Amino acid sequence: MSHEQWTAVDRFIDDNLVASDAALDRALKTSAAAGLPPIAVTPSQGKLLNLLARAICARTILELGTLGGYSTIWLARALAPGGRLVTLEANPAYAQVAATNITAAGLSDIVDVRTGNAHETLPELAAEKPDPFDLVFIDADKQSSPDYFTWALALSRPGSLIITDNVIRDGAVIDADSDDPSALGSRRLHALLGAEQRVSATTIQTVGAKGYDGFTLALVLS
Ligand code: SAH
Ligand code: DHB
Ligand code: MG
């Protein structure tokens, strides 16, 4: 099995099931043109996020790590009428690219792009006492995923979904001696989830155009 094959299969899935459109294409194209790293979720992953948000009839979504707004567009399109999405991005240049893409997608009224380090913008957001978020997508700096999970739990309600991207990283997650902060972050996330009675969680390994990785899905119970 090769990366080439995983990519070809992703193309098959996309050709059959995952329709693209001008706004999604534009988000990827402008992101590449502006020099953003090509690390957005794949189309099939974006659609999975969209389907999960629709399945729970999400009205409020929080995203950590906007990049150029590709996953943001998939998620925002899932919102029920009157819904809203807040997305946090540390890099002002990336946030600007995302804002332009979100506007071009016709979603600027429902998406709030907040620029700044999530370690600062999360407490600011919490201080506003927002309605609980129905879905949280954690996809920023991976070393902080456990801290972001704790924030996500505080900002959610029973029934909320908390999804964390990039938790496998070529299997590095099982290396207890790793010196990769991302892998250690994922290990810490799994320890936290294993001990947290208020959620029920699982992790799914994935292969595809972005290689071998995975995501964690946690359902908030109480
Ligand atoms: N969700 C995007 C990809 C996000 S890539 C998509 O799938 O389309 C990770 C993003 O997190 C990058 O844009 C990076 O700038 C941002 N990031 C990294 N550290 C951060 C922090 N401390 N606070 C907020 N954003 C951060
Ligand atoms: C990478 C991939 C991601 O999905 C992400 O959110 C951040 C980084 C990467 O492959 O480096
Ligand atoms: Mg990611």
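By convention here, the first residue in the shown sequence is residue 1. Not measured: the values here are computed from a predicted model. Atoms within each ligand, like the ligands themselves, are counted from 1 in listed order. Both backbone and side-chain heavy atoms feed into the values below; hydrogens, waters and symmetry mates do not.
Of the inter-residue distances, the one linking S44 atom OG with F12 atom CZ reads 12.5 Å to the nearest 0.5 angstrom. Between the CD1 atom of I13 and the CD atom of Q45 there is a distance of 10.0 Å, given to the nearest 0.5 Å. A distance of 5.0 Å separates CG in D213 from CZ in R169, rounded to the nearest 0.5 Å.
The ligand atoms of ligand 1 that sit less than 4.0 angstrom from a heavy atom of L67 are 2 (C), 3 (C), 4 (C), 13 (O). Atoms of ligand 1 lying under 4.0 Å from at least one heavy atom of Y70, given by number and element, are 8 (O). Taking every heavy atom of N117 and a limit of under 4.0 angstrom, the matching atoms of ligand 1 come to 21 (C), 22 (N), 23 (N). Less than 4.0 angstrom separates some heavy atom of T66 from each of these atoms of ligand 1: 2 (C). Residue Y94 approaches ligand 1 through these ligand atoms, each under 4.0 Å from one of its heavy atoms: 13 (O), 15 (O). Atoms of ligand 1 lying under 4.0 Å from at least one heavy atom of A118, given by number and element, are 21 (C), 22 (N), 23 (N), 24 (C). Near K142, meaning under 4.0 Å from one of its heavy atoms, ligand 2 places the atoms 5 (C), 6 (O), 7 (C).
When distances from the Mg ion (ligand 3) to the N, O or S atoms of D165 are compared, OD2 comes out shortest.
Nearest to atom 12 (C) of ligand 1 by heavy atom, out of E89, K210, H119, is E89. Considering only non-hydrogen atoms, atom 2 (C) of ligand 1 lies nearest to S71 out of G68, A93, A27, S71. One option in S144, G65, P92 has a heavy atom closer to atom 1 (N) of ligand 1 than any other, and that option is G65. Residue N166 holds the heavy atom nearest to atom 2 (C) of ligand 2 of all those in D141, L64, N166.
For atom 7 (O) of ligand 1, the nearest non-hydrogen atom of the protein is V41 N, 2.9 Å. The protein atom (non-hydrogen) at minimum distance from atom 4 (O) of ligand 2 is K210 NZ, 2.5 Å. Among protein heavy atoms, atom 6 (O) of ligand 2 sits closest to D139 OD1, 2.6 Å. Regarding atom 5 (S) of ligand 1, its nearest protein heavy-atom neighbour is I39 CD1, 3.6 Å. Protein heavy atom closest to atom 20 (C) of ligand 1, with residue, atom name and distance, is D141 OD1, 3.5 Å. Counting protein heavy atoms only, atom 8 (C) of ligand 2 is closest to I39 CD1, 3.5 Å. In terms of protein heavy-atom proximity, atom 3 (C) of ligand 1 is nearest to D139 OD2, 3.3 Å. Nearest non-hydrogen protein atom to atom 10 (O) of ligand 2 is R169 NH2, 3.1 Å.
Between D134 and R157 there is a salt bridge, since at least one side-chain N of the basic residue sits less than 4.0 Å from a carboxylate O of the acidic one.
Between I110 and A76, the shortest heavy-atom contact is CD1-O, 3.8 Å. Contact record, L135 with L52: CD1-C, 4.3 Å, taken as the closest heavy-atom pair. The minimum heavy-atom distance linking S186 with V167 is given by the pair OG-O, 2.6 Å. Across all non-hydrogen atoms, the minimal contact from D10 to A209 is OD2-N, 2.7 Å. The shortest heavy-atom contact between L62 and L64 is CG-CD1, 3.7 Å. Among all heavy-atom pairs drawn from L221 and P158, the shortest one is O-CB, 3.5 Å.
Among the atoms of N166, an N, O or S atom falls under 2.8 Å from the Mg ion (ligand 3). Taking 2.8 Å as the criterion, D139 counts as a coordinating residue of the Mg ion (ligand 3), since one of its N, O or S atoms falls below it.
For ligand 1, none of its N or O atoms has an N or O atom of A140 under 3.5 Å away. Geometrically, ligand 1 and Y148 share a nitrogen or oxygen pair separated by less than 3.5 Å. Taking any N or O of A90, backbone or side chain, at least one lies under 3.5 Å from an N or O belonging to ligand 1. Between G69 and ligand 1, no N or O atom pair is found at a separation short of 3.5 Å.
Not a single heavy atom of P37 lies less than 4.0 angstrom from ligand 1.
A distance-only check finds a donor-acceptor pair linking the side chain of T60 to the backbone of P132 [under 3.5 Å].
If you check the side chains of Y148 and D141, you find a donor sitting under 3.5 Å from an acceptor. Between the side chains of T164 and T216, no donor-acceptor pair is found at a separation under 3.5 Å.
You'll find the side chain of D131 stays beyond 4.5 Å of the side chain of R59, heavy atoms only. Between F137 and I61, every side-chain heavy-atom pair lies at or beyond the 4.5 Å cut-off.
Contacts of D165 with ligand 2, taken as heavy-atom pairs under 4.0 Å, involve the side chain alone.
Within 6.0 Å of CG on L51 lie more than 12 heavy atoms contributed by other residues, nucleotides or ligands.
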